[in-house]
K.L.:
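Shown below is the structure under consideration.
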Amino acid sequence: MFHLPGDFLPTILAADEATKDQVSATVVPDLLTLAFQGPMSLGINVPVLIANGDDDTLFCAYNCSSEAALRAAEAPYFSSAAQLSVHLTPDAGHSVALSEHANTHRAAIRAWIRERFGD
């Protein structure tokens, strides 16, 4: 579920499986309440980048057909002060930082930081 089939090195998957942790059942209700019932993100007043894999089936199943679609879906949860930007790493799943396309993901984040804050 976290790695797009074929988008990972077997050694990365093995390391991820060997060191994975669990989410406590007591965390889930808090996460759902904070994230979906009363989005705290509306209070963010600094630039925000949502960087995701375009094949993330966990958090992006319906809105990652394009960066424009993801931005449109997420924009209502952010104030204009957040200056919301999005980046989708092609052919990456939920664990985009562990995918074979992690360099593309990191380069996009670095470029966004440079554009907003300089070197």
Side-chain angles (χ1 to χ4, degrees):
M1 178 161 86
F2 295 104
H3 301 277
L4 177 65
D7 184 55
F8 57 86
L9 299 172
T11 52
I12 290 176
L13 181 60
D16 192 34
E17 287 293 317
T19 59
K20 68 182 176 184
D21 202 353
Q22 298 177 351
V23 174
S24 165
T26 59
V27 170
V28 174
D30 290 340
L31 175 65
L32 293 176
T33 300
L34 291 172
F36 300 112
Q37 292 180 359
M40 295 176 66
S41 55
L42 285 170
I44 297 172
N45 59 8
V46 295
V48 171
L49 170 66
I50 296 175
N52 215 335
D54 72 350
D55 284 319
D56 180 351
T57 58
L58 185 61
F59 287 131
C60 208
Y62 303 107
N63 298 319
C64 287
S65 59
S66 69
E67 290 177 347
L70 178 57
R71 189 182 187 296
E74 293 295 327
Y77 302 103
F78 292 90
S79 72
S80 60
Q83 303 169 36
L84 182 63
S85 299
V86 299
H87 167 74
L88 290 174
T89 299
D91 302 317
H94 181 73
S95 294
V96 64
L98 298 177
S99 77
E100 290 190 48
H101 305 283
N103 286 338
T104 302
H105 176 69
R106 287 190 293 269
I109 293 169
R110 284 191 299 269
W112 180 84
I113 291 169
R114 275 192 304 277
E115 289 171 10
R116 292 296 147 330
F117 307 106
D119 287 327

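Just so we're clear, the structure is a prediction, and the values are computed from it rather than from any experiment. Sequence positions, counted from 1, serve as the residue numbers for this chain.
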K.L.:
Tell me, please, which residues at least two apart from R116 pass side chain to side chain donor-acceptor pair (under 3.5 Å).
P.N.:
S85
K.L.:
Which residues pass the side-chain contact (heavy atoms from CB on, under 4.5 Å) test with E67, not counting sequence neighbours?
P.N.:
V86, H87, L88
K.L.:
Only counting residues at least two apart or in another chain, list the ones meeting side-chain contact (heavy atoms from CB on, under 4.5 Å) with A75.
P.N.:
R71, L84
K.L.:
Backbone N or O of Y77 within a donor-acceptor pair of the S41 side chain at under 3.5 Å?
P.N.:
yes
K.L.:
If I take atom NE2 from residue H94 and atom CG from residue N52, how far apart are they, to the nearest 0.5 angstrom?
P.N.:
7.5 Å
K.L.:
R110: what forms a side chain to side chain donor-acceptor pair (under 3.5 Å) with it, not counting sequence neighbours?
P.N.:
none
K.L.:
For D56 and G93, indicate whether the former's side chain and the latter's backbone hold a donor-acceptor pair under 3.5 Å.
P.N.:
no
K.L.:
For A81, enumerate each residue passing the side-chain contact (heavy atoms from CB on, under 4.5 Å) test, keeping only those at least two apart in sequence or located in another chain.
P.N.:
N45, S79
K.L.:
Please write out which residues are connected to I113 in a hydrophobic cluster, directly or through intermediates, given that two of Ile, Leu, Val, Met, Phe, Trp, Tyr count as joined at side-chain heavy-atom separations below 4.5 angstrom.
P.N.:
L49, I109, W112, F117
K.L.:
With a 4.5 Å heavy-atom cut-off, do F78 and I50 have their side chains touching?
P.N.:
yes
K.L.:
Which atom pair, heavy atoms only, marks the closest approach of A92 to S99?
P.N.:
CB-OG, 3.8 Å
K.L.:
For A73, check side-chain contact (heavy atoms from CB on, under 4.5 Å) against everything at least two apart and list the hits.
P.N.:
N63
